[in-house]
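Sequence lines set the chain letters: A, B, ... in the order given, protein chains first and strands last, and positions in each chain run from 1. Since this is a predicted model, take the numbers as computed values, not measurements.
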Protein chains: 2
Amino acid sequence: MDHIYSFDEYGELLPEEKDTINQLTKAPIESLNLHSITVVTNLYRAAQGLRNKMEREVLAKHGLSWTSFSILYDLWIWESVETKKLALSAGVSKATISNITNTLERKELCYRKVDNRDRRITCVVLTEKGRKVMEELYPKFHEGEVEVVSSLSVEEQKLISSLLRRVIRENNF
Amino acid sequence: MDHIYSFDEYGELLPEEKDTINQLTKAPIESLNLHSITVVTNLYRAAQGLRNKMEREVLAKHGLSWTSFSILYDLWIWESVETKKLALSAGVSKATISNITNTLERKELCYRKVDNRDRRITCVVLTEKGRKVMEELYPKFHEGEVEVVSSLSVEEQKLISSLLRRVIRENNF
DNA sequence: TTAATATCGTTTCAATGCTAACGATTATGA
DNA sequence: TCATAATCGTTAGCATTGAAACGATATTAA
């Protein structure tokens, strides 16, 4: 990553964009919901920036991606988690969890364990080494979390969380 | 992707999580900023869900990723864009743009053009075929945008946009 | 002018990520 | 019981992603 900035300075549609969309689609500008576009644009940019910042400033030290870290976090909290649940939690496919688990196993941060009651299920378990990494990394990750939203007041943080939560709920994200 | 759901049903820290974090880090629970955690968690989940939904419901038809689409969008609006600007706009590295441009070129949706004034710079240009794809895809993408935030009122959409924009600004995302 | 520096895009290599197909296991139903 | 269906994790194949190294070009400084 070189550096991230806003392609459009304002986080809203520029006149050029409106013109182009108006000219080049059958849908005239009147039928475009500009507020929806703005929400989606800013939502994705904020999340992308968040991920890049964390991977660069916190996770790079241990060569972990955002998703790897989120898997380790789940294991840290829940001790042992099924592959499928890890996928649902992280919002990625089972195949991705399988691949990342391989990488984490190679780093000796976790290991697989077949469920005895249902042998189709594989549980992933944190190793002692994995636990130590989380103990070291989590406080720094949390610092980053605080920093990223520090420009918002506590009330605004509650507000944006409740709005985001509604989006998540309504879309079954 | 199988299906996405909230690992924690509430979008907030569960008692188990608080306990674990409290026990396993040197940082006691009092020093954790729970609101920051909630904002970051919900922000990333919403964005992840958004991306997955769009790739699945709109972009899969043409085998495009979110990033590929965002590049095509920039080209659609601006005709011709430098590689570096595309990277900054999409929030990915130059290398990623280079790779994706290769794929898009293979699909004949764009082509490269060396800048005559500064031969270090490569501009990427949309082809006629690429323009047609965007004309077909953009209205559907926009439908998705509207749908995703449809549970929020216009006032709430303005509000969340302005909050997100402040996060973006303050972090130089 | 010329050497040093900076900038830009590509390449290399490994990890992440998805879809589809697969093999193993469990559940269901006739 | 036994065939069928459903569920789970992995594998195969390909695209995406980034860090680092690299070559080409442009800028700066001496």
Q: If you compare all heavy atoms of A:M54 against all heavy atoms of A:E145, which two are closest, and at what distance to 0.1 Å?
A: CE-N, 3.2 Å
Q: Could you state the CG-P distance from A:L86 to D:dG9, rounded to the nearest angstrom?
A: 9 Å
Q: Could you state the CZ-P distance from B:R56 to D:dA15, rounded to the nearest angstrom?
A: 22 Å
Q: Could you name each residue pair satisfying ring-ring contact (aromatic ring centres under 6.0 Å, His included) that touches residues 35-64 of chain A, not counting sequence neighbours?
A: A:Y44-B:W66
Q: Counting only heavy atoms from other residues, nucleotides and ligands, does the tally under 6.0 Å from CD of B:E16 exceed 12?
A: yes
Q: By salt bridge (charged side-chain N to carboxylate O under 4.0 Å, His left out), which residues pair with A:E143, not counting sequence neighbours?
A: none
Q: In whole angstrom, give the distance that lies between atom CG of A:N116 and atom P of C:dT25.
A: 13 Å
Q: Answer yes or no: is there a side-chain heavy-atom contact under 4.5 Å between B:T38 and B:L13?
A: no
Q: Of all of residues 99-115 of chain A, which get a heavy atom below 4.0 angstrom from DNA chain D, listed by number?
A: A:R112
Q: Choose from D:dA20, D:dT25, C:dC18 the nucleotide whose nearest atom is closest to any side-chain atom of B:A95.
A: D:dA20
Q: Going by atom types alone, do B:R112 and B:N102 pair a side-chain donor with an acceptor below 3.5 Å?
A: yes
Q: Going through the checks in order, is the salt bridge (charged side-chain N to carboxylate O under 4.0 Å, His left out) test met by A:E55 and A:R51?
A: CA-CA 6 Å; A:E55 291 187 339; A:R51 174 171 181 150; 3.0 Å; yes
Q: Measure the shortest side-chain to side-chain distance between B:D19 and A:I77 over non-hydrogen atoms and say whether it is less than 4.5 angstrom.
A: no
Q: Taking only N/O atoms, report every protein-nucleotides 2-8 of chain C pair under 3.5 Å with atom names and distance.
A:
residue, atom, partner, partner atom, Å
C:dT7, O2, B:R120, NH1, 3.3
C:dC8, OP2, B:K84, NZ, 2.9

Q: Taking DNA chain C as the partner, which of residues 63-71 of chain A come within under 4.0 angstrom of it by heavy atom?
A: A:S65, A:T67, A:S68
Q: Could you tell me how far apart A:I97 (CD1) and C:dT16 (P) are, to the nearest whole angstrom?
A: 10 Å
Q: Who are the side-chain contact (heavy atoms from CB on, under 4.5 Å) partners of A:K107, not counting sequence neighbours?
A: A:L64, A:T103, A:L109
Q: Which heavy-atom pair separates B:S36 from A:V146 by the least distance, and what is that distance?
A: OG-CA, 3.6 Å
